[in-house]
Number of protein chains: 2
Amino acid sequence: MQVHLSAIVAPMPTPSDTTVEAWTAMVSASRRVLERVEGALKAAGLPPLSWYDALLEIERAGKPGIRPFALRERLLLPQYGTSRLIDRIERDGLIEKLACDDDGRGFLVRITAEGRRVRRRMWPVYGKVLAEGFENTASAEQLETLARLCRRIASAG
Amino acid sequence: MQVHLSAIVAPMPTPSDTTVEAWTAMVSASRRVLERVEGALKAAGLPPLSWYDALLEIERAGKPGIRPFALRERLLLPQYGTSRLIDRIERDGLIEKLACDDDGRGFLVRITAEGRRVRRRMWPVYGKVLAEGFENTASAEQLETLARLCRRIASAG
DNA sequence: CCCATCTAGATGCAATTGCATCGAGTATGC
DNA sequence: GCATACTCGATGCAATTGCATCTAGATGGG
């Protein structure tokens with residue numbers, strides 16, 4: 001039996017079938033749910049999902065607001081994406097930009113009353129799709145397992 | 001204690017914390033791996049991941065080729081997305097369009113030698129990221145579980 | 001055969017994303 | 001205090017995506 005040196009020195013870069021199965025299933029699942037969520041939001045005349053995530057984080061930051069770079073970290077968005085998302089949401093009056101005292105380069109983003117209202121209207125639409133997709137399908141225990149595995153993969157390098 | 005009728009008649013549309021945890025973990029994981037894959041492909045001077053998926057399906061279809069609508073079903077892409085993806089890949093010479101005898105509206109898509117070569121070069125780059133993300137992180141058994149849960153969620157409605 | 005209807009695929013236009021780069025402000029070292 | 005490096009955020013431009021609509025060919029009655 002011949003053994004290639006590369007197989008000993010370095011691990012094969014080729015993933016197992018099981019890995020590929022898991023990966024494709026994960027991508028399909030998240031894409032499908034994402035499509036359903038976006039579709040439901042649009043059908044209800046509401047903004048896209050990215051606005052929900054941003055509004056939620058901004059609302060959580062409360063009265064003092066949040067810096068764009070901090071928002072970027074939470075949303076895992078590229079810097080320019082964050083910048084433009086903030087612009088669009090602001091143009092719609094759901095958030096406002098506040099001068100930042102201790103750093104002249106940046107500013108703070110705070111949610112407006114209208115922003116809170118819109119986020120609240122989005123939640124049941126969003127949540128309904130999630131509940132349908134997940135809770136009719138898997139037990140709480142299975143969902144915990146799923147979450148744990150996904151978190152590990154997300155932080156793996 | 002007051003109970004709202006809606007809580008009895010229809011299930012609450014609000015998902016459990018566990019559901020939300022699983023969902024956000026799943027989205028983060030797939031987005032992170034996707035970013036890594038796209039980054040690795042770009043760093044290697046190779047086309048984006050969407051091309052890989054398309055090339056793989058087209059290659060699998062073999063000599064007779066595959067109709068765009070069939071490709072669309074497999075890739076879960078919108079119709080216009082498929083149409084344009086085919087255009088771009090064709091412009092690069094990795095696939096070719098063949099007249100379709102039994103349906104004058106459409107055509108068949110077939111991979112070229114160059115297309116096969118490019119797909120083969122993409123695989124180790126793609127696969128390496130998958131192997132790192134999944135196999136260093138979870139056992140085969142866990143990956144099976146992950147795949148099973150994700151498949152169920154993908155097909156749930 | 002002819003019309004109505006349906007399916008396959010393309011495309012104009014607007015919105016979004018990706019990439020590179022820029023401008024302004026801050027922090028550091030001297 | 002000042003030059004240098006760094007961080008924050010914006011933006012021009014090209015590529016991609018989403019949406020609506022369109023054309024050509026197929027299909028199914030009458």
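Just so we're on the same page: letters track the sequence lines, and every chain starts at 1. We use all heavy atoms of the structure for the numbers below, so side chains are in, but hydrogens, waters and symmetry mates are not.
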Side-chain touch B:V33/B:R36, heavy atoms, less than 4.5 angstrom:
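A side-chain contact under 4.5 Å exists here.
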Report yes if the side chains of A:R120 and A:W123 come closer than 4.5 Å at any heavy-atom pair, otherwise no.
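Sidechains of A:W123 and A:R120: no contact.
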Can you give me every donor-acceptor pair (side chain of residues 45-58 of chain A, partner residue at least two apart or in another chain, under 3.5 Å) with its distance?
unit_1, atom_1, unit_2, atom_2, d
A:Y52, OH, A:R119, NH1, 2.9
A:E57, OE2, A:R60, NH1, 3.3

Please report the interatomic distance CG(B:L146) to CZ(A:R152), rounded to the nearest 0.5 Å.
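It is 11.5 Å, given to the nearest 0.5 Å.
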Distance-only donor-acceptor pairs under 3.5 Å for side chains of residues 89-111 of chain B, two or more places apart:
unit_1, atom_1, unit_2, atom_2, d
B:E96, OE2, B:R110, NE, 3.3
B:E96, OE2, B:R110, NH2, 3.3
B:K97, NZ, B:D87, OD1, 3.1
B:D103, OD1, B:R105, N, 3.0
B:D103, OD1, B:R105, NE, 3.0
B:D103, OD2, B:R67, NH2, 3.4
B:D103, OD2, B:R105, NE, 3.4
B:D103, OD2, B:R105, NH2, 2.8
B:R110, NH1, B:K63, O, 3.2

Rounded to the nearest angstrom, tell me the gap between atom [atom1] in [X] and atom [atom2] in [N].
X      : N      : atom1 : atom2 : answer
A:L98  : D:dG9  : CG    : P     : 13 Å
A:E73  : D:dT7  : CD    : C1'   : 12 Å
A:R105 : D:dC8  : CZ    : P     : 6 Å
B:E38  : D:dT16 : CD    : P     : 11 Å
B:L108 : C:dA8  : CG    : P     : 13 Å
B:D101 : D:dG25 : CG    : C1'   : 15 Å
A:D102 : C:dA27 : CG    : P     : 9 Å
B:F69  : D:dA26 : CZ    : C1'   : 12 Å

Give a yes or no on whether A:R116 atom CZ has more than 12 heavy-atom contacts from other residues, nucleotides or ligands under 6.0 Å away.
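More than 12 heavy atoms, drawn from other residues, nucleotides or ligands, come within 6.0 Å of this atom.
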Please evaluate residues B:E144 and B:R148 with respect to the criterion salt bridge (Lys or Arg N to Asp or Glu O under 4.0 Å), reporting the C-alpha separation (whole Å), side-chain torsions for both, the decisive distance (0.1 Å), and the verdict.
CA-CA 6 Å; B:E144 298 265 17; B:R148 201 164 347 99; 5.7 Å; no
Protein-nucleic acid N or O pairs under 3.5 Å, nucleotides 10-12 of chain C:
unit_1, atom_1, unit_2, atom_2, d
C:dA10, OP2, B:S83, OG, 2.5
C:dA10, N7, B:Q79, NE2, 2.9
C:dA10, N6, B:Q79, OE1, 2.8
C:dG12, O6, B:R84, NH2, 2.7

Dot-bracket, DNA chain D: Watson-Crick or G-U, under 3.5 angstrom, [ ] crossing, | other strand?
||||||||||||||||||||||||||||||
Got a sec? Which of residues 46-56 of chain B come in under 4.0 Å of DNA chain C, heavy atoms?
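Under 4.0 Å from DNA chain C: no residue of residues 46-56 of chain B.
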Are any side-chain N or O atoms of A:E135 and backbone N or O atoms of B:S16, one a donor and one an acceptor, separated by less than 3.5 Å?
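Yes; judged by distance alone, with no hydrogens or angles, the pair exists.
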Assign each of A:G104 and A:R91 to its nearest nucleotide of DNA chain C by heavy atoms, then name whichever residue's nucleotide is nearer the 5' end.
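On the 5' side of the pair lies A:R91.
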5'-most by nearest nucleotide on DNA chain C - B:D103 or A:R88:
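Looking at DNA chain C, the more 5' nearest nucleotide goes with B:D103.
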Quick check: closest heavy atoms across A:A140 and B:T18, and the distance to 0.1 Å?
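Of all heavy-atom pairs spanning A:A140 and B:T18, the closest is O-CG2, 3.6 Å.
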Can you see which heavy atom on A:A29 is nearest to which on B:A154, and at what distance?
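Between these two residues, the closest heavy atoms are CA-CB, 3.7 Å.
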N/O donor-acceptor pairs under 3.5 Å from side chains in residues 68-85 of chain A, not counting sequence neighbours:
unit_1, atom_1, unit_2, atom_2, d
A:R72, NH1, A:L77, O, 3.1
A:T82, OG1, A:P78, O, 3.0

I would like to know whether B:E114 and B:R117 meet salt bridge (Lys or Arg N to Asp or Glu O under 4.0 Å); could you show each step before the answer?
CA-CA 5 Å; B:E114 174 67 4; B:R117 210 172 312 135; 2.5 Å; yes
Does B:R67 put a side-chain nitrogen or oxygen below 4.0 Å from OP1 or OP2 of C:dG9?
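Indeed, a polar side-chain atom of B:R67 lies that close.
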With a 4.0 Å cut-off on heavy atoms, is B:G81 in touch with a base, just the backbone sugar-phosphate, or nothing at all?
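Answer is nothing: B:G81 stays at 4.0 Å or more from every strand.
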